[in-house]
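What follows is a single structure, written as structure tokens, with notes after it.
Quantities reported herein were computed from a predicted structural model and do not represent experimental measurements. In each ligand, atom 1 is the first atom listed, and ligand 1 is the first ligand listed.
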Amino acid sequence: MKRRDFLKGAAVAGVAGAAASTLATPALSQGMRELKMVTTWPKNFPGLGTGAQRLADNITAMSGGQLTVKLYAAGELVPPFESFDAVSSGTADMYHGADYYWQGKSKAFNFFTAVPFGFTANEIDAWLHWGGGQQLWDELAGGFNVKSFAAGNTGVQMGGWFNKEINSLDDYKGLKIRMPGLGGEVLRRIGAAAVTLPGGEIFPALQSGAIDATEWVGPWNDLAFGFYKITKYYYWPGFHEPGSTLACGVNKTLWDGFNSEEQAIVAGACMAENNRMYAEFNAKNGAALDTLRNVHGVELRQIPDPVNMAIGEASGQVVREAGESDAISKKILESFLDFRGKILAYSKLSDQAYANARLLPFKY
Ligand code: CA
């Protein structure tokens with residue numbers, strides 16, 4: 001029996017308060033499911049791990065326990081980078097992670113997290129919900145028996161931590177920098193030696209000199225890792241991840257078997273967490289930036305425009321090549337480029353123009 005049908009019946013019968021909840025238990029237990037959510041994040045990792053936990057808890061609460069989601073941190077049930085396969089095969093029911101980790105299956109997955117000089121958080125949500133992006137994501141992930149949702153965003157990431165200034169393209173030559181994904185490929189094109197390292201290995205690698213520089217996320221997460229202790233300059237902005245979407249992927253066989261109420265709960269909880277996590281990153285990045293500057297004396301530096309011009313050219317090439325790797329990537333690239341053209345024209349006159357105007361030195 002559906003929960004709402006039961007409650008309706010209970011109301012008609014005049015059953016109220018404690019009596020109703022006592023009677024409800026056996027009826028509810030028949031439709032209850034316990035779902036396993038695996039993640040690519042360490043347990044309670046700020047923003048990402050805690051956001052995944054909130055999502056699990058909200059699905060459980062919104063469904064009145066009909067869908068009870070138990071969260072497993074990276075490595076607890078499966079290794080982090082096997083989360084997608086676990087959900088695809090049904091070993092786990094859902095994952096919370098970043099879909100660019102699955103680019104070995106199709107480069108097209110990059111477009112649903114972030115691509116260099118691609119969409120901001122607001123823009124990718126516009127593309128996903130109103131620009132055909134979600135349908136393309138469903139087509140891509142559906143091929144692997146996964147139904148995907150946007151379920152978090154980091155906002156614009158920072159450019160990274162360096163021990164020398166970046167004044168020209170030459171300063172990237174031979175620089176050993178931690179930057180994963182398409183962003184790392186862009187830096188290799190301009191002469192840097194970009195490498196991929198999991199979060200927990202970055203600090204020791206910087207300390208030993210195995211790498212010269214690193215990106216991670218933004219002030220909040222970077223302060224937690226302590227990069228300010230061993231590097232001098234904190235560069236902005238991060239061209240490589242302008243608004244990284246975190247994904248919740250659900251086993252599609254399970255999803256197709258959900259009733260409409262269960263589907264609405266999972267979709268609604270994902271959309272709520274998408275907004276809540278972005279808000280949390282923005283709020284906590286502002287406070288952490290203040291600490292880095294004023295308590296730890298970190299020197300902020302802007303990546304010079306001529307350097308961004310060269311990085312932008314290389315980004316365009318790398319993104320197009322990624323979009324030409326298979327048939328579905330091609331379709332996704334075309335949709336991305338078309339939407340990017342239109343939204344950039346509008347963002348220039350709206351968010352961007354307003355933010356610039358607000359920085360004029362008027363008294364306020
Ligand atoms: Ca990053």
Counting backbone and side-chain atoms alike, is an N, O or S atom of Gln157 positioned under 3.0 Å from the Ca ion (ligand 1)? yes
NZ or CZ of Lys284 within 45° of Phe281 ring axis and under 6.0 Å: no
What is the ring orientation for Trp127 with Phe112, classed by angle as parallel under 30°, tilted 30 to 60°, or perpendicular over 60°? parallel
I need the O(Trp216)-the Ca ion (ligand 1)-OE2(Glu215) angle, rounded to 10 degrees. 80°
Donor-acceptor pair, distance only, cut-off 3.5 Å: does the side chain of Thr91 make one with the backbone of Val87? no
Centroid separation Phe225 to Phe203 less than 6.0 Å: no
Atom nearest to the Ca ion (ligand 1) - Glu241, N, O or S atoms considered: OE2
